[in-house]
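These notes concern the structure reproduced below.
Keep in mind that what you see is a predicted model, and the values were worked out from it rather than measured. Chain naming here is simple, since letters A, B, ... match the order of the sequence lines and numbering starts at 1 in each.
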There are 2 protein chains.
Amino acid sequence: MPVKRGYNDCIKTIIPVRDFLDVMSGKWKFPIIVSIGVGNDRFVDIQESIPGITPKVLAKELKELEKHQLIKRTVLSEYPVKIIYTHEPYADTLTPIIYAMKDWGINHRKKVIGT
Amino acid sequence: MPVKRGYNDCIKTIIPVRDFLDVMSGKWKFPIIVSIGVGNDRFVDIQESIPGITPKVLAKELKELEKHQLIKRTVLSEYPVKIIYTHEPYADTLTPIIYAMKDWGINHRKKVIGT
DNA sequence: TAAATCACTTTCCTTTTGGAAAGCACTATA
DNA sequence: TATAGTGCTTTCCAAAAGGAAAGTGATTTA
């Protein structure tokens with residue numbers, strides 16, 4: 001006769017992981033954070049540093065990152081008007097995750113090519 | 001006169017980060033990996049351990065994770081027929097990322113509630 | 001007056017993701 | 001024969017994400 005089974009509770013890990021994903025999911029947010037992190041602070045510079053991103057998507061993602069207090073938008077009233085994007089300190093908390101993803105990606109590419 | 005500007009190259013980080021995202025992006029893959037990791041090996045157990053997931057989505061994501069050699073699907077010919085899902089060793093390479101995401105999520109929730 | 005620069009915005013469209021509800025195939029037991 | 005358990009699949013649909021291409025508005029220089 002079948003033994004009664006029951007699932008193991010993992011909600012204490014799943015909830016924070018999903019909190020993280022709610023903020024940082026999608027194809028573009030990490031590339032944008034990385035680009036700003038290396039010093040790209042202008043819209044067009046960020047755009048050119050990320051292959052394939054369109055201005056529409058970049059504008060939308062920048063707004064979301066600003067909303068979550070990961071980046072700051074500053075208007076400089078010079079000519080031509082400059083707008084610069086910089087990291088808020090909170091963005092630095094993502095650094096360990098970025099390195100972990102980067103390491104995984106490097107290893108994964110080796111694995112896939114090596115197969 | 002405007003100073004010539006040029007973007008900083010961050011492609012060596014962006015490429016591996018995107019390789020990672022190509023495999024692991026989406027709302028459900030990490031929760032599924034976590035659930036299997038704590039010992040849920042049956043379809044329905046995994047389903048019940050992840051709030052909100054539907055069987056359609058779970059089936060699709062399990063196939064993708066299997067394709068990427070992160071989990072293994074094993075058929076046990078008992079009655080009733082059992083199918084169990086277990087981690088491949090490769091799934092363990094995600095552990096540091098899962099902990100980093102979890103820590104970030106816990107801290108983020110504190111920050112948001114505390115505001 | 002025309003052109004250039006910058007930082008986007010707008011429109012239109014396709015693709016991907018997610019979700020609700022029901023159904024199906026198999027086997028075994030009552 | 002009817003019912004139950006397991007692991008899905010199917011259908012239909014809505015929402016979100018992504019992309020191509022062109023346009024906008026403010027300003028200043030030629």
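Once rounded to the nearest 0.5 Å, the distance linking CZ of B:R42 with OH of A:Y7 reads 15.5 Å. Separating the CD1 atom in A:I33 from the CD1 atom in B:I14 is a distance of 11.5 Å, to the nearest 0.5 Å. Considering NE2 of B:H108 and CG of B:D103, their distance stands at 14.5 Å, rounded to 0.5 Å. Summarising the geometry, atom CD1 belonging to B:I36 is positioned 9.5 Å from atom CG belonging to B:L70; distances are rounded to the nearest 0.5 Å.
With a 4.5 Å cut-off on side-chain heavy atoms, B:D9 and A:S49 do not count as touching. Using a 4.5 Å heavy-atom cutoff, the side chains of B:W104 and A:P96 are not in contact. When side chains are defined from C-beta on, B:N107 counts as touching A:Y90, because their heavy atoms get closer than 4.5 Å. Looking at heavy atoms from C-beta onward, A:L65 lies in side-chain contact with A:K29 at the 4.5 angstrom threshold. B:I83 has its side chain out of reach of B:T74: every pair of non-hydrogen atoms, C-beta onward, lies at least 4.5 Å apart. Contact check for B:V112 versus A:D19: no side-chain heavy atoms found under the 4.5 Å cut-off.
Here the nucleotide nearest the side chain of A:R42, chosen from C:dC8, D:dG7, C:dA7, is C:dA7.
Summary of the strand contacts: B:K63 and B:V81 both lie near DNA chain D, and taking for each the nucleotide with the nearest heavy atom, the more 5' one is attributed to B:V81.
Going from atom CZ of B:F43 over to atom C1' of C:dA25 covers 15 Å, rounded to whole Å. Atom CG in A:L58 sits about 15 Å away from atom P in C:dC6, given to the nearest Å. In this entry the distance linking CD1 of B:I83 with C1' of C:dC26 reads 11 Å, nearest Å. Whole-Å rounding puts the A:Q47 CD to C:dT5 P distance at 15 Å. Spacing between atom CG of B:L62 and atom P of D:dC8 amounts to 7 Å, rounded to whole angstrom units. One interatomic measurement links the two molecules: CG of A:D45 to P of C:dA7, which rounds to 8 Å at whole-angstrom precision. The CD atom of B:E48 sits 11 Å away from the P atom of D:dG7 (whole-angstrom rounding). Atom CG of A:L76 and atom P of D:dT27 are 16 Å apart (whole Å).
Each end of the helix from C:dT1-D:dA30 to C:dA30-D:dT1 gets its own axis from five base pairs, and the two axes differ in direction by 20°, given to 10 degrees.
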Listing time: all N or O pairs from protein to nucleotides 16-20 of chain D that are below 3.5 Å?
residue, atom, partner, partner atom, Å
D:dG18, OP1, A:K27, N, 3.3
D:dG19, OP1, A:K27, NZ, 3.0
D:dG19, N7, A:K56, NZ, 3.3
D:dG19, O6, A:K56, NZ, 2.3

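If you check residues 10-18 of chain A against DNA chain C, you find no residue with a heavy atom closer than 4.0 Å.
Contact check on B:E66 versus B:K72 returns no salt bridge, with no Lys/Arg side-chain nitrogen under 4.0 Å from an Asp/Glu carboxylate oxygen.
The shortest distance between the side-chain N/O atoms of A:Y85 and the OP1/OP2 oxygens of C:dC8 is below 4.0 Å.
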